[in-house]
Amino acid sequence: MLDLIYEAPAPKVIQGAKDDWELVIGLEVHAQVASRAKLFSGASTEFGAEPNSNVAFVDAGMPGMLPVINEGCVALAVKTGLGLKAAINLASAFDRKNYFYPDQPAGYQISQLYHPIVGEGEVIVDMAPGIARRVRIERIHLEQDAGKSIHDMDPQMSFVDLNRAGVALMEIVSRPDIRGPEEAAAYILKLRQIMRYLGTCNGDMQNGNLRADVNVSVCRPGAYEKYQETGDFSHLGTRCEIKNMNSTRFIQQAIEVEARRQIAIIEDGGEVVQETRLFDVDKGETRSMRSKEEAHDYRYFPDPDLLPLEIEQGWVDDIAATLPELPDEKKARFVTEYGMTEYDAGVLTAEVENAAFFERVAQVSGDGKTSANWVINELFGRLKKEDHSISESPVSAEQLGKIVALIKAGDISGKIAKDLFEIVYTEGGDPAVIVDDRGMKQVTDTRAIEAAVDEVIAANPAQVEKAKANPKLAGWFVGQVMKATGGKANPAAVNQIVQQKLGL
Ligand code: ADP
Ligand code: MG
């Protein structure tokens, strides 16, 4: 698996255009730092609080208030950087990005333009078993979020909620290494997965925890390779940036329609103009928000209220020592340790809680492969039907582990195990005790099976003649005996005895 990991799929070629075109995409992902306090104040970051209840004076831009850096946020940004195998910059600094907006009362956003805290890293984006693309990370910087303007509560007035103002964001900037809509979605999901493993961002896209600005350009086949060889962006097409997307589905749609728009312009003899655009979900189109000429001049300068941010290598090493096993490593280990397919390992490691649950099941049952099947097919299938997460599972890892152990010991058949699972799921209880109490144990006692086989044979002389002529029909007898024993007979033993009694 690992030696194939950089073999990327062919770049997306746009159908329906006159010529062949390829897509080039770079993402700027804003990830909310999983901190309970804001980046420069002690105000809470709790989601859904009463408007304007989590606002410190500094968040409200009150004159004379000074920002104080939250060490916890810095540690989480460093941890994210380490998780993306990125360079950590021991010296970084905060800059003011000046622009007026009602939900940003200070008149500027504190960000890190010139000296970000994290430098170059990478994300391996899995596209199919054994096939992945390496997307380079250019940088991660820390910055403040803005507040929220509310325009739809009153016909005359707009409202401002500053609860989000000053919340810490990590802006994760990728190189333009993403080559199609599916890859863009897979990239965000992989970032989200890594940060959830690290505990540095909750990744709740619906609540705006994770949002992306999507840069899209198109080029002729071969141009991207030239850019990669030389690092010269002029080989690439002019890009447009689609702002503030928080759904992977809409991101994919937006990339498709934006690429088509650009291709139509170029094939018509026109030129793509670099600009910021918005995706209109209802109309399924992107439209201009502001062109390059209208772009803000942010007048960045180092924030005089904050000292340069200097951290020590020893502190970074301490954080590195707390890194958990990350998704790629866990997935590779599941494949080798439990002998499961890469696909199954991907399913089980998608969420760190699922992986932990599975490992506990495997530990209790002593059979990783069968445990994987049961967790994925029975448990996940059932939870999904009822829209439950793993933490809400009525069956604990211990209970499922015991069910699998009973199968492994030959005490119950796979079929009975499904009934047992259903009982444990709906009623709870100790699987071994249920099996005893309800007489669900598999019959391996050959004398009991022989008696059942004799009965079926005696009752069906015509079938016996047919089976003697055509041994394939012996299966019918096995089915009858299984039925007669309520599915509790050991199928292998039944089969053997049937063959023997019929003289096959
Ligand atoms: P800016 O600060 O003006 O937004 P950046 O250099 O930070 O510019 O780039 C922003 C994003 O645009 C990055 O993710 C980068 O990978 C991406 N990008 C740059 N050039 C292109 C291009 N030609 N096509 C698609 N994406 C691009
Ligand atoms: Mg940008």
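Ligands are counted one by one from 1 in listed order, and the atoms in each one are counted from 1 as well. In this text the structure is predicted, and so the values were computed from the model without any measurement.
Side-chain polar atoms of Gln228 and Tyr224 form a donor-acceptor pair below 3.5 angstrom. Glu258 and Gln262 share a donor-acceptor pair across their side chains, judged by distance under 3.5 Å alone.
Around atom 13 (C) of ligand 1, the closest heavy atom drawn from Ser174, Cys240, Pro176, Ala223 belongs to Ser174. One option in Arg239, Glu171, His235 has a heavy atom closer to atom 9 (O) of ligand 1 than any other, and that option is Arg239.
Comment: Lys190 engages Asp126 in a salt bridge, judged by a side-chain N to carboxylate O separation of less than 4.0 angstrom. Using a cut-off of 4.0 Å between Lys/Arg side-chain N and Asp/Glu carboxylate O, Arg287 and Asp280 are scored as salt-bridged.
Residue-level proximity to ligand 1 for Leu236 is carried by the side chain, the only part with a heavy atom below 4.0 angstrom. Contact annotation: for Asn215 versus ligand 1, heavy atoms closer than 4.0 Å belong to both the backbone and the side chain. Under 4.0 Å from ligand 1, not a single heavy atom of Asp213 appears.
Counting atoms of ligand 1 from 1 in the listed order, those under 4.0 Å from a heavy atom of Leu27 are 14 (O). Close approach of ligand 1 to Val24 is summarised as follows: ligand atoms under 4.0 Å from at least one heavy atom of the residue are 24 (N), 25 (C). Listed by number with element, the atoms of ligand 1 under 4.0 angstrom from any heavy atom of Ser217 are 22 (C), 23 (N), 24 (N), 25 (C). Listed by atom number, the atoms of ligand 1 under 4.0 Å from Gly237 heavy atoms are 23 (N). Within ligand 1, counting atoms from 1 as listed, the ones closer than 4.0 Å to a heavy atom of Phe233 are 19 (C), 20 (N). Listed by number with element, the atoms of ligand 1 under 4.0 Å from a non-hydrogen atom of Arg175 are 16 (O).
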Discussion item. Assess the residue pair Arg261 and Glu285 against the criterion (salt bridge (charged side-chain N to carboxylate O under 4.0 Å, His left out)); give the C-alpha distance rounded to whole Å, side-chain angles, the decisive distance to 0.1 Å, and a yes or no.
Written reply: CA-CA 9 Å; Arg261 187 188 70 87; Glu285 61 183 32; over 6 Å; no
Fill in: Verdict with supporting geometry, Lys243 and Glu241, salt bridge (charged side-chain N to carboxylate O under 4.0 Å, His left out)
CA-CA 6 Å; Lys243 273 279 178 209; Glu241 179 181 15; 3.5 Å; yes
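Taking the six-membered ring where tryptophan is involved, the planes of Tyr99 and Tyr298 are perpendicular, since the angle between them exceeds 60° and thus also 30°.
In this structure a side-chain-to-backbone donor-acceptor pair under 3.5 Å is present from Asp232 to Ser234.
Polar contact check, Val173 against ligand 1: no nitrogen or oxygen pair lies under 3.5 Å apart.
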